[in-house]
2 protein chains.
Amino acid sequence: MPGGLRRSKLLPEPTVARLPIYQRLAEELARRGRDTISSEDLGRLAGVSAATVRRDLSSIGRLGTRGSGYDTADVARRVTELLGGHAEHPTVIAGIGNLARALINSPLFNGFPSKVVALYDVDPTIVGTSVSGLEVRRLSEEDVTRFEVPPAIGVLTCPASAAQDVADGFCELGIRALMSFSPRVLEVPLDVTVRYVDVTIELQILSYHLEHGRGPLNGGLLHTLGRSPLQVGARP
Amino acid sequence: MPGGLRRSKLLPEPTVARLPIYQRLAEELARRGRDTISSEDLGRLAGVSAATVRRDLSSIGRLGTRGSGYDTADVARRVTELLGGHAEHPTVIAGIGNLARALINSPLFNGFPSKVVALYDVDPTIVGTSVSGLEVRRLSEEDVTRFEVPPAIGVLTCPASAAQDVADGFCELGIRALMSFSPRVLEVPLDVTVRYVDVTIELQILSYHLEHGRGPLNGGLLHTLGRSPLQVGARP
DNA sequence: ACATGTGAAAGAGTTCACAGCC
DNA sequence: GGCTGTGAACTCTTTCACATGT
């Protein structure tokens, strides 16, 4: 087993959600030739407090230098490594509608953390067709041994009514990470991680805030970004 | 001013994120003829603890009956009301690519909490064309007075590089609720709510858990659903 | 009996504030 | 002087446990 500190102390979930933001910013800064950045500046860019940045980054090791700040390239590298390096996890998608097609063609889904390797549907007019070079198959007829590397991530873009069955099928294939766009809570074994991307709920939350005003919270979003009251004022 | 308890005591954000789930479940149960449900059963369906269900529901009023549980139709109605009733907030979308097209055609975006009323892009080959019956315009040339009812929700499906400009443009139109699919933290005035839907971050979070295992957390998802360790075991 | 509503306790995460190092 | 790393305080949520009501 290579690497060093695998299974260190398990980071707090909100920290895990913020790390990709730091990584993205640090990478961009490094690319632009900026070598170091203070927790205060990085916090401003990420929309969180300087204290949170320091706590987050110190939780994955000592990577700052007192007096000058964090090395941008270093932060980008260390965080990337912690988040699974440059692995391209084999990813499968079930429910090949417009959303799935949009995702498949997005560079976000084909490169860094994931790479689409199989597509599933049940509609006979879709099964057998080819989308972006991949044949659409039936999940129920899939055979895990067909894969060189077994799929690691399963994406659900199917109707809510089919979501639980698809989730079951994914779990049976040995997939332990799911991302669901279906408006439904899934039951999965304890070792499976599920991330929900539920546009309906997001809209309802926005609707609530339109009606009742905003709490003193930050964007309060998607990724549990933070509760900080730090929300920059309108731009000049 | 109609209604009753506007601006009651501002609910905790995690509660706001869970209410749509209860609403959805309660509605479904009522439709199927189930009149009441206990906090324990509702919690199981929603993936949270019974105590959390009770705390959440009691925070919006007294809607349970001791001894028998919650009236499903009642829960559905009260929560819907709190989340903005059946209002269809006029919604605009900037960045008309595959994702936007998928959203526009989705029933989720055209009906209950939102209704798409305008589309924007900057690509000259797209501006002027019609998508699902709406002409694509330039945000920079938009005139608020054109709208009968001013837009309330702005959706960003544009490249990250354009996101901040679009957000500024939206804010200038008077929009106070944004939903961004662009991988970038936005600066907005304090009275504007932003919800991020960042697929890249979600994938990186999954990647992290594939590498380091799951904490004892729930799906831990998107909408700050909950931190409960209540994750049902594999289905039979 | 049974199940809600809610004080009180526990747990999680964030912010403060400063010692320690560059 | 400037900025990180971190114990301690604080705030926000969840869970416990039981009084209360049907």
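Excluded from the calculations below are hydrogen atoms, water molecules and symmetry mates; all remaining heavy atoms, backbone and side chain alike, are included.
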When all nucleic acid strands are considered with a 4.0 Å heavy-atom cut-off, which category describes B/Leu63: base, sugar-phosphate, or nothing?
sugar-phosphate

Looking at A/Arg55 and D/dG7, is any side-chain donor or acceptor paired with a base atom of the opposite kind under 3.5 Å?
yes

Below the 4.0 Å mark, does C/dG5 have OP1 or OP2 next to a side-chain nitrogen or oxygen of B/Tyr70?
yes

Of the listed C/dA3, D/dT22, C/dA17, the closest approach to the B/Ser38 side chain comes from C/dA3

Here the distance between atom P of C/dA3 and atom CZ of B/Arg62, to the nearest Å, is 19 Å

Quick one: is B/Ser39 getting a side-chain N or O under 4.0 Å of the C/dT4 phosphate, OP1 or OP2?
yes

Please confirm whether the backbone N or O of B/Leu11 pairs with a side-chain atom of A/Tyr208, one donor and one acceptor, at under 3.5 Å?
yes

Can you measure B/Asp74 atom CG to C/dT4 atom P for me and round it to whole angstrom units?
14 Å

Atom pair distance, as rounded to whole Å: OH in B/Tyr22 and P in C/dT4
12 Å

Is A/Thr52 near enough to C/dT15 that one of its side-chain N or O atoms lies under 4.0 angstrom from OP1 or OP2?
yes

Between CD of A/Glu13 and P of D/dC12 the distance, given in whole Å, is 22 Å

Is the shortest side-chain N to carboxylate O distance from A/Arg24 to A/Glu27 below 4.0 Å?
no

Interatomic distance where CG belongs to A/Asp71 and P belongs to D/dG5 [whole Å]
12 Å

Tell me if the side-chain of B/Arg66 makes a donor-acceptor pair with the base of D/dT20, cut-off 3.5 Å, by modelled atom types.
yes

Length of the CG-C1' vector between A/Leu11 and C/dT14, whole Å
15 Å

